[in-house]
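The structure follows.
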Amino acid sequence: MAKSESKTYDPASVEKQIFETWEKGGYFRAEPDGREERFCVVIPPPNVTGALHLGHALNNTLQDILIRRERMRGKNTFWLVGTDHAGIATQATVEKTIREKEGKSRHDLGRDELVRRIWEWKEKFGGRIVEQLRLMGCSCDYSRERFTLDDMCAKAVRHTFFKLFRDGLIYRGKRLVNWDTQLQTAVADDEVYHETVKGHFYHFKYPVKNPQPGEPEHLHIATTRPETMLADTAVAVHPEPDAALDKVEAELKEKLSTSADKEKPGIEAAIEDLGERRKSLLPTLLKLRDMAKAGRMMILPLVDREIPLICDTWAKPELGSGCVKITPAHDPNDYEVGQRHDLPMINVLTEDGKVAEIIELDGSVNPNSSKYAGLKFNTAGRKKVVEDLEAAGLVERIEDRLIDLGHSDRSKMPIEPFLSDQWFVRMSDLKREHAAQIEGLRHHASGLAQMAVDAVKRGDVRFHPARYEKTYVDWLSEKRDWCISRQLWWGHRIPVWSRVMKLSDLCAQTGRGEEALEHLFEITPCDAVIRVEEVGGNRHWHDIDRNPPSTIGWQELRAALQEGDCEVRVLICPAPNLEHKGLEPNEAIADRVQRYAEEAGFIQDSDVLDTWFSSALWPHSTLGWPDAEAPIRAATVRERSPHDTEQTDKSGRQPLPDGRGSDSPDGTDSLLGYYYPTSVLSTAREIITLWVARMVMTGLYNIGDVPFSDVVIHPVIQDGQGRKMSKTLGNGVDPVDIIHKYGADALRFTLADLATETQDIRMPVQKEKLPDGREINISPKFEKGRNFCNKLWQASTGFVIRGLDGYAPTELDPQTLRLEDRWILSRMTTCLLELEQALSRYRFSESMNVLYQFMWNEYCDWYIEMSKSRLAGPERGPAQQVLAYVLDQLLRVLHPFIPFVTEAIWTELNTAAPNRGCANLEKGEPALVNAKWPSVDASLRDDAVESQMAELQAIIKAVREIRTIVNGHRGKEKQPTMRTLPLAVVMGDRDTSKLVETHREFIQSLAGCDLLEARSKEAKPAGALGRVVGSTGVYVPVADLIDLKQVRQDEEKKLEELQKALGRTEKQLGNEDFVQRAAPTVVEQARQRAADLAGQIETLEQHLADLT
RNA sequence: GGGCGAUUAGCUCAGUUGGCUAGAGCACCUCGUUUACACCGAGGGGGUCGCAGGUUCGAGUCCUGCAUCGCCCACCA
């Protein structure tokens, strides 16, 4: 084997071909087969517009490690892969391309055309990220790829929406949302980030209408958004300002007593300020309170609207002037106030972010409206309002102020709170009788959020690390309703049709009137859910709350009509895919309802659902719900129309109303029945709330069981400065670049190695220029992975496999093997045990450490080195066999982490040594991907062997250390350095002498000495450097090799350190409390340590004596 | 404002129920191309574990406070 043959491991030359072999072999294909043991992971679907980034690479590495290991452990494994349609991001990407290339907006194209273009784009580019998963070696079942907008997911979305709507858990409301004026859509709270910007704090005066003697002529209010004053409909003061001040003061004093010193001055100042307010402000506030109670009005400047002065606790007497303007349509808190006081809501903002024409309550256009309408809301509009107020002498002062302003994640524009029609999922607790009617609320949960909280608290879902449970529980416990509508075109369109009509007309439709409407109302509640809402009012009529359900609350509607006619909106949500027997064949009821609705002038809601709505269903929608049998049948639609209850299918069971197949009695041959609930969900902590919580919720609601038992939260990778990796900063590392430079295994190794339980990990980033001129970001971190793979490759192919000539394995009794054989088998066993421990707790980094240490520092550094001389001699057979066996086991356990290189080596090992083992020989499986995971044979562990080997290693290390000292000094003296020392003397007890005699050759070659003497109880050699390990001394006579005086300083320094250490230990042992209270083993360790140190000191003192 | 995390060698990080003469990889220094590997081998230097108290026989580890950095959530007339 000439040197020129050896070359480094070249990942590029093997990875592609190996991946093809795996796919051709169908190893990743999942199929329910009745095996009890199964393991399923659903991938967090990456954004279909996206490319793989390092976070994906990390997350998918971890998932693949789990999946590959379980596959090798003989479980039926399924890693479900797919992508997310990512509403806003995808639509924005395609819109941008079209705008740039064709100069057209989405409005120019129209809804259908834009959606078609996005699909086109998705087909063309959407596969990229899945291709990149293949490059990484991810063992997903690519034949079952899903997409959150595919037919399967759409079906699940329709079913879920219908159920929630039917159960009264989805409602449509006028609510304040975060409005993105650029994208003209509502964005979720989670999609809003806050940024501090420079702004102003404006103090205005509002005139009191007809002030009485002794009453103030003006009220003082302050705002950071002056333009919203156009929409004010009240001014509030606190109902009990004196009591409120008392309460605040009491709280401050309480805080003062417990707070830290540095906070005290601030609190004291606040208390003082309260006292000041009590004097200067309180009388006015009390007066205002009385005025409010008397129903006094204010005149809103500029628009001359009469608005009431009201009492509400939202007005804080300790803040500002104690009065607050109320703008229900443009501020979330004011909205609440408006609800409490039944205040009118006046909207002055257009969808595209301009001041709207101001429509007063009586429906008339405000005569002053034209001055402002059309101005940009928060810029020109604001300026004009302030100017006009100034002209009217109503501006008291304007302060500079930093304002923390919400911005849209997507457009980076400031968010405007905007009153609009939105759809919500009710997360809060329901009235008991309502909750009891809803079968989807399991375990007697009071509401959706509570149900998901309970599941985690019961331990049905466990977080790793456990601390993240708190994030989940805290967030869900707020039970904030979930806004699920988005003003986009790309996504699942809300399956509700509606029409506005007079209540009187609606009531008149029963039994006559428009034909289509008549048809519509013949539909039973099972076929569609019909809901009637008063336009502009708070009344609504919902069939779910009515009994019997089929009446759609007609009685109530008629009763309401008696009080006076009004405009109502009728909403229809057709039941999805109901194929009723007895109706026209081949026409799903959903389509029929839809047709009737459209004929009757009903229009489908134009919004689409929040992307997270379909993501929330991911673990069960992708497995086939609702078509497949769910493990818990009760979870399915429970209400049925009267005319199909008597029908039963062949199995004698009643058919399910959605006509799902019922071939398998227990449903376990469907993907859903077999794989749900899945096993582990691995994700980043930022979506614990957005995604994990909602999956648990919908899983329980739809299926009746949690979607997974364990949630693994991995750290976030930052750059070297602790910043997030991002496109704008240009500090992102592209995993594909890393694969090209270092190989997929190196990428995976390094990422797994970094995956500790911390919350962030940093990765220093470097620029590198490629030959083609492209500049990429790399990180030296990946060298560790590359080096490891290369080391494994070199050791395996370059040494072990090449050394297997004439391999002829026999059944070996481990007890009869040589020390080093038994040692490596013992160490291997320990390694396997530690690996199991680490992996069972999702400690990926620890797993890597265990494997790294064993492969490199034990197998390569010691076992392989010790086998070299044996391979040339009569000991060849057992050495080959143990080498091959340990490599076999090592490849198996390394495979989930670094699948390519291990598979490549495996093939070669199979050729050179088809049968492997120790006591039992087994044929190596053809493919490692599917090979058996090693089982631990605890009998191979041998403490006595390990301690003997440890002594041997210590002796060798001692000689090496001395050799380095000698060569160091010879180097300085320009004398030739020595590969081997002439003589080493080991002085120990009889066992040590025997050990040394037995392994003389090893010691000589590994330590590097020509002669080795084992002596006992004889005089220490003179003129020698020595090291003491345990009770054994190792001496090398060096007087002829170097001038001993040269080493004096080093040895003195060493002596000093040892003496210090001994001092500490002796002090500890001198402490009676320690000896009595500490664990006996700890005391024994200390004694041992003291003895060791004393021995070492004695030896060093002897050197120093030699020098004089 | 509430919650969570981090602070250990020049850099990036381990350090399980307190027992440590505090570890690893990279970088650094010395020596070495003996036939698996220079993406290597042997050896070495480098740390009062952010700061201050406390509990304990014993603290990197537990408690309290402080400082700095970061993340999440809420709110700000």
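All heavy atoms count here, side chains included; hydrogens, waters and symmetry mates do not. We name chains A, B, ... by the order of the sequence lines, and we start the count at 1 in each one.
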Just N and O in the side chain of A:Asn1071: are any of them under 4.0 Å from OP1 or OP2 of B:G58?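 It does not, given that no N or O in the side chain of A:Asn1071 lies less than 4.0 Å from OP1 or OP2 of B:G58.
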For B:C39, take OP1 and OP2 only and decide whether either is under 4.0 Å from a side-chain N or O of A:Thr8.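 No, outside the criterion.
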Counting the atoms with a prime plus P, OP1 and OP2 as sugar-phosphate, which does A:Lys1060 contact under 4.0 Å by heavy atoms, base, sugar-phosphate, or nothing?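 The residue A:Lys1060 makes no contact with any strand.
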Of A:Phe201 and A:Asp1092, whose closest RNA chain B nucleotide lies nearer the 5' terminus?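 Between the two, 5'-proximity favours A:Asp1092.
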Does a side-chain N or O of A:Lys724 approach OP1 or OP2 of B:C71 to a distance below 4.0 Å, or not?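 No.
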Any idea which of B:G43, B:G32, B:A36 is nearest the A:Ile864 side chain?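 The nucleotide sitting nearest to the side chain is B:A36.
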Side-chain (A:Arg970) to main-chain (A:Leu1041) donor-acceptor, under 3.5 angstrom: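 It does hold such a pair.
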Which comes earlier along RNA chain B counting from the 5' end, the contact point of A:Val1075 or that of A:Pro764, where each point is its nearest nucleotide?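 Per heavy-atom nearest nucleotide, the more 5' residue is A:Pro764.
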Taking atom P in both B:G70 and B:G23, compute the distance separating them and give it to the nearest angstrom.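 To the nearest whole Å, 32 Å.
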Mind checking if A:Lys781 touches a base, just sugar-phosphate, or nothing, with heavy atoms under 4.0 Å?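 Base: the residue A:Lys781, judged by heavy atoms under 4.0 Å, touches a nucleobase.
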A:Trp856 side-chain proximity, nearest of B:C40, B:A14, B:C39: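 Selected nucleotide (nearest to the side chain): B:C40.
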Would you say a side-chain N or O of A:Arg1089 is under 4.0 Å from OP1 or OP2 of B:U21?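 Checking A:Arg1089 against B:U21: at least one side-chain N or O falls below 4.0 Å of OP1 or OP2.
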If we take the P atom in both B:C28 and B:C39, what is their distance in whole Å?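 So the two P atoms sit 13 Å from each other.
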Under 4.0 Å, counting only non-hydrogen atoms across every strand here, what does A:Arg786 touch: a base, just sugar-phosphate, or nothing?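 A:Arg786: base contact, heavy atoms under 4.0 Å.
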What's the verdict on side-chain contact (heavy atoms from CB on, under 4.5 Å) for A:Arg841 and A:Glu846, showing C-alpha distance, side-chain angles and the deciding distance? CA-CA 10 Å; A:Arg841 295 190 297 158; A:Glu846 204 176 309; 3.9 Å; yes
Examine B:G32: is either OP1 or OP2 under 4.0 Å from a nitrogen or oxygen in the side chain of A:Thr977? Give yes or no.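 Yes, within the criterion.
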Please confirm whether the shortest side-chain N or O distance from A:Arg979 to OP1 or OP2 of B:U33 is below 4.0 Å.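 Yes, because at least one side-chain N or O of A:Arg979 sits under 4.0 Å from OP1 or OP2 of B:U33.
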Per-nucleotide pairing state of RNA chain B [Watson-Crick or G-U, under 3.5 Å; [ ] pseudoknot-crossing; | other strand]: (((((((..((((.....[...)))).(((((.......))))).....(((((..]....))))))))))))....
Is a salt bridge present between A:Asp760 and A:Lys724, judged by a nitrogen-to-oxygen distance below 4.0 Å?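 Not counted as a salt bridge, because no side-chain N and carboxylate O are separated by less than 4.0 Å.
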Which of these nucleotides, B:C40, B:C75, B:C4, is closest to any side-chain atom of A:Arg467?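 The answer is B:C4, which lies nearest to the side chain.
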Reckon A:Thr797 touches a base, only the sugar-phosphate, or nothing at all at heavy-atom distances under 4.0 Å?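 Touches nothing.
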Does atom CD of A:Glu1056 have more than 12 heavy-atom neighbours, drawn from other residues, nucleotides or ligands, at distances under 6.0 Å?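 Result for CD/A:Glu1056: open.
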Would A:Lys784 pass as a cation-pi partner of A:Tyr852, given that its NZ or CZ must be under 6.0 Å from the six-membered ring centre and within 45 degrees of the axis?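 Judged by the rule, A:Lys784 and A:Tyr852 form a cation-pi pair.
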Would you mind classifying the nucleic acid contact of A:Glu783 as base, sugar-phosphate or nothing, using non-hydrogen atoms under 4.0 angstrom?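 It contacts nothing in the nucleic acid.
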Please give the distance between the P atoms of B:U55 and B:G60 as a whole number of Å.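 The same atom, P, in both gives a distance of 16 Å.
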What is the distance, rounded to the nearest whole Å, between atom NZ of A:Lys1053 and atom P of B:G46?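 These atoms are roughly 5 Å apart.
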Please report the distance, rounded to the nearest Å, between CD in A:Gln718 and P in B:G70.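 Atom CD in A:Gln718 sits about 10 Å away from atom P in B:G70.
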A:Glu1001, CD: over 12 other non-hydrogen atoms inside 6.0 angstrom: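 No.
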Which value, in whole Å, describes the distance between the P atoms of nucleotides B:G1 and B:C63?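 These two P atoms come out 23 Å apart once rounded.
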Once you apply a heavy-atom cut-off of 4.0 Å, does A:Arg685 come out as touching a base, just sugar-phosphate, or nothing?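 The residue A:Arg685 makes sugar-phosphate contact but no base contact.
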Go through the N and O atoms of the side chain of A:Lys791 and the base of B:C37, and report whether any donor-acceptor pair is under 3.5 Å.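 Answer yes: a donor N or O sits under 3.5 Å from an acceptor.
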Say you pick atom C1' in B:A67 and the same atom in B:G50; how far apart are they, in whole Å?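 Result for the C1' pair: 8 Å, nearest Å.
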Is A:Glu1057 paired with A:Arg1064 through a side-chain N to carboxylate O contact shorter than 4.0 Å?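 Answer for the salt bridge query: no.
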Could you go through the side-chain hydrogen bond (donor to acceptor under 3.5 Å, both in side chains) check for A:His238 and A:Asp312 one step at a time? CA-CA 5 Å; A:His238 197 281; A:Asp312 194 281; over 6 Å; no
OP1 or OP2 of B:C20 less than 4.0 angstrom from a side-chain nitrogen or oxygen of A:Gln1085, does that happen here?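 Indeed, a polar side-chain atom of A:Gln1085 lies that close.
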Out of B:C37, B:A42, B:A14, whichever nucleotide has its closest atom nearest the side chain of A:Arg963: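 Taking heavy atoms from C-beta onward, the closest nucleotide is B:A42.
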How far, in whole Å, is B:U48 from B:U21 if one measures between their C1' atoms?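 That atom pair is separated by 15 Å.
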Between B:G45 and B:U56, how far is it from one C1' atom to the other, in whole Å?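 To the nearest whole Å, 35 Å.
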Please report the distance separating the P of B:G46 from the corresponding atom of B:G32, rounded so that it comes out in whole Å.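 Comparing P positions in B:G46 and B:G32 gives a spacing of 23 Å.
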For the pair A:Arg685 (side chain) and A:Gln759 (backbone), establish whether a donor and an acceptor sit closer than 3.5 Å, ignoring hydrogens and angles.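 Side chain of A:Arg685 to backbone of A:Gln759: a pair is present.
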